[in-house]
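This report refers to the structure that appears directly beneath it.
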2 protein chains.
Amino acid sequence: MKREERPRRATIHDVARSAGVSAATVSKVLRGVATVRKENADRVRTAVAELDYRMDPLASSLRNESRRIIGAVVPDLESPFFGALVTGLQDAAERAGYHLIVASSRESEEREAELVARMNDWRVAGTLLAPVRSERGRGAETLRALDMQAVLVDRVSDDERYDTVSADNYQASANVADFLLGLGHRHVLLHGATQVSKAIRTRLAGFTERAKALDAGVQVDTVLSDADADVPHRSICKYFETRAPADRPTAVFSLSQHSTLRVAAELRRRGIRVPEDIALVGFDDADWMQTTWPSITAVAQPVHTMAEHAMATLLARIEGNNDGAPVQHLEACEMLVRESAGPETEVPRRRTRGN
Amino acid sequence: MKREERPRRATIHDVARSAGVSAATVSKVLRGVATVRKENADRVRTAVAELDYRMDPLASSLRNESRRIIGAVVPDLESPFFGALVTGLQDAAERAGYHLIVASSRESEEREAELVARMNDWRVAGTLLAPVRSERGRGAETLRALDMQAVLVDRVSDDERYDTVSADNYQASANVADFLLGLGHRHVLLHGATQVSKAIRTRLAGFTERAKALDAGVQVDTVLSDADADVPHRSICKYFETRAPADRPTAVFSLSQHSTLRVAAELRRRGIRVPEDIALVGFDDADWMQTTWPSITAVAQPVHTMAEHAMATLLARIEGNNDGAPVQHLEACEMLVRESAGPETEVPRRRTRGN
DNA sequence: TATCATCAATAAATCGATTTACAGAATTTG
DNA sequence: CAAATTCTGTAAATCGATTTATTGATGATA
């Protein structure tokens with residue numbers, strides 16, 4: 001009977017003793033190094049099973065320069081998008097034998113920089129950063145300053161230092177322009193809840209540039225506003241308030257999920273019917289959009305693919321399988337056409353432009 | 001000039017050397033132990049600032065039996081509820097000087113058990129487990145088997161071994177019963193997407209028992225179904241299909257957010273108007289519920305308070321400030337009355353019971 | 001003044017793994 | 001058969017902190 005009152009966990013030395021070999025040999029077997037006689041390897045494996053041995057990832061990581069830990073910093077964990085992203089990252093990291101440490105910057109750039117520094121404290125092998133703002137934000141800056149291995153995800157465009165992975169916001173928004181103008185809309189409102197996010201700026205540019213290219217006479221209004229408080233709500237209110245019904249846009253393209261919610265709420269509040277009076281397309285799909293009435297046409301981001309690709313890219317860098325120039329990877333999005341805007345819907349009021 | 005090609009991070013020994021003291025002294029200063037002469041303490045702090053020293057949490061944790069790491073295992077990260085829970089936990093853990101390691105069991109009990117074991121591998125000081133099923137599931141079982149410090153959150157009732165924290169599902173559901181019966185409803189459908197979750201079973205019991213107590217003649221139908229695939233969808237379909245409009249319930253109480261979405265979709269599909277034909281109350285509030293039409297009356301869970309309380313409870317156990325019997329803590333919920341069911345709404349078709 | 005506490009500081013052990021450097025055995029080569 | 005080479009296995013160093021045991025120095029007490 002053991003002397004310890006509490007059954008201490010078996011260490012690699014216990015396994016070694018039980019198998020009648022040295023700790024170094026056990027380590028070799030566990031890490032799959034070939035230079036071990038089969039007989040000894042078997043005895044080690046038996047001892048591991050018998051003692052119910054499990055490696056301490058902390059002790060294991062300490063010795064090595066490259067620790068088998070990957071950090072992920074995302075702007076928030078309460079939105080399904082980043083929730084799904086993190087879930088995908090965790091899955092991919094585990095499959096590659098890495099641990100994932102997750103932290104939310106809660107949309108604060110200051111916190112983001114601190115979290116990146118903290119990931120560096122953990123001596124992570126690499127970091128996946130979904131910046132609050134863009135590849136020029138404080139988090140990315142800290143990555144550079146600390147010379148860390150990293151991949152930037154979402155809310156980014158290309159970068160001279162890091163690989164980036166994001167939805168093809170530009171192309172997807174251009175497609176929305178094609179779609180809405182194809183339906184005959186010539187006066188569109190763009191609404192975005194924040195001017196901070198690079199992704200949202202890109203969506204705005206994608207739509208606007210394509211729309212102008214298709215028809216220079218198109219009227220594109222924009223209501224942009226900084227994030228916090230109810231400012232975005234009030235600004236969209238004011239837009240509709242100060243605008244005669246005859247001068248209303250015939251379609252709205254909301255540039256984020258949050259924004260879509262705002263717009264839908266405001267339209268309902270004012271009794272403006274969708275899609276009869278106004279068509280609505282939102283960027284970023286959500287469960288509820290197919291259930292609400294009318295169901296909402298939305299651009300869906302392939303979040304799982306993005307997670308997969310981002311992790312694969314990072315791992316390639318970490319493991320030295322890629323030392324080429326940084327690559328900007330864009331994932332194609334899909335537009336899910338629903339009731340709030342679609343071919344069956346006529347354009348509300350066709351008006352020829354010309355003030 | 002240093003000889004290293006890459007500027008190695010400063011260690012505690014570098015700080016010690018720079019301050020002209022021993023590593024042990026530096027450690028004392030950093031951990032706030034009093035037995036250090038003020039002059040030396042100041043020199044240490046200066047050296048820390050100069051060398052830009054940051055402690056390696058990994059190395060720091062290794063020596064101590066109780067590592068300053070807390071594990072959190074939740075059923076999923078894609079729902080706002082658990083996302084918010086994790087955010088709250090992370091905040092609380094950080095304030096107490098702990099690191100939080102998060103993992104999603106993805107609604108799999110097997111994975112849950114494995115993740116709990118993995119938290120034990122990290123030698124976490126304690127674990128917050130939001131079980132897939134209940135306090136009797138595989139994760140909790142593993143916690144017990146490994147004799148870990150833990151607090152169980154959500155989807156649990158009381159437990160003889162661990163403190164638990166959850167919304168007061170029973171009372172909140174009883175309140176829904178009071179509310180709906182108070183409005184005159186005498187035939188209610190309860191719909192839950194899964195029979196697995198303890199929380200949902202409790203909500204069912206809370207409503208049913210109170211309803212029966214208020215009026216033994218109340219008719220409560222239940223459509224329960226196991227999670228995956230589209231089974232829940234089909235079962236709610238069938239319910240309405242095989243039921244003459246005259247025999248329809250006058251209200252639905254959906255027992256989860258997901259379920260609310262299902263029910264709302266199905267009612268719309270069949271052209272059943274809410275609240276004119278049928279009233280709807282959902283358990284678990286979401287952003288979109290105040291925007292959708294009609295806006296949906298829902299029970300909101302105080303998720304941030306729950307996170308706060310759960311972490312406080314765990315820390316008290318860890319730090320030995322509490323060795324009393326395990327406590328079941330219930331957080332009161334709030335019902336947000338909106339258009340889908342409310343006092344202004346008349347009960348659709350009043351019918352006297354009696355088959 | 002001699003003896004006993006008290007206080008500050010440190011050297012060395014420790015946590016649990018990995019890795020390095022080296023030794024002995026087995027095998028191949030000249 | 002001796003020398004060179006390859007295989008296996010181990011002792012010891014290492015990662016970066018914390019903790020323990022111990023040593024001096026200082027102050028208090030008899």
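Just the heavy atoms: all of them, side chains too, but no hydrogens, waters or symmetry mates, feed the values below. Lettering of chains follows the sequences in order, A, B, ..., and the numbering in each one begins at 1.
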Checklist entry - To the nearest Å, how far apart are A:R37 CZ and C:dA26 P? => result 9 Å
Item to check | Nucleotide C:dA9, atom C1' - distance to CD of B:E39 in whole Å | outcome: 13 Å
Checklist entry - Does any donor-acceptor pair link the side chain of A:R63 with the base of D:dT14 at a separation under 3.5 Å? => result yes
Next on the checklist: Output the rounded distance in Å from CZ (A:R9) to P (C:dC15).
Outcome noted: 15 Å
Checklist entry - B:W122 CH2 to C:dA17 C1': how many Å, rounded? => result 13 Å
Item to check | Flag if over 12 foreign heavy atoms under 6.0 Å of CD, A:E319 | outcome: yes
Checklist entry - 5'-most contact on DNA chain C: B:L62 or A:S61, nearest heavy atom basis? => result B:L62
Checklist entry - At what distance, to the nearest 0.5 angstrom, does CE of B:M306 lie from CE of B:M311? => result 13.0 Å
Checklist entry - Do the side-chain N or O atoms of B:N40 get closer than 4.0 angstrom to the phosphate oxygens (OP1, OP2) of C:dA9? => result yes
Checklist entry - Using 4.0 Å as the upper bound for N to carboxylate O, is an ion pair formed by B:R106 and B:D76? => result no
Item to check | Sub-4.0 Å heavy-atom contacts from residues 21-31 of chain A onto DNA chain D, ordered by number | outcome: A:V21, A:S22, A:A24, A:T25, A:K28
Next on the checklist: On the nucleotide C:dT18, are OP1 or OP2 found under 4.0 Å from the side-chain N or O atoms that A:S60 carries?
Outcome noted: yes
Next on the checklist: Would you compute the distance between atom OG1 of A:T142 and atom CD of A:E109 and round it to the nearest 0.5 angstrom?
Outcome noted: 9.5 Å
Item to check | For atom CG of A:L58 and atom P of D:dC15, their distance in whole Å | outcome: 17 Å
Checklist outcome for this item: B:L51 atom CG is separated from D:dG16 atom C1', nearest whole Å, by 15 Å
Checklist entry - If we ignore angles and hydrogens, is there a donor and acceptor under 3.5 Å between the side chains of A:N120 and B:R9? => result yes
Item to check | Atom pair distance, as rounded to whole Å: NE2 in B:H13 and P in C:dA12 | outcome: 12 Å
Item to check | B:T127 versus B:Q149, side-chain donor and acceptor atoms under 3.5 Å | outcome: no
Checklist entry - Take atom CD in B:E110; do more than 12 heavy atoms of anything else shown fall under 6.0 Å from it? => result no
Checklist entry - Mapping B:N64 and B:G20 to their closest nucleotides on DNA chain C, which lands nearer the 5' end? => result B:G20
Next on the checklist: Can you measure A:I12 atom CD1 to D:dT10 atom P for me and round it to whole angstrom units?
Outcome noted: 12 Å
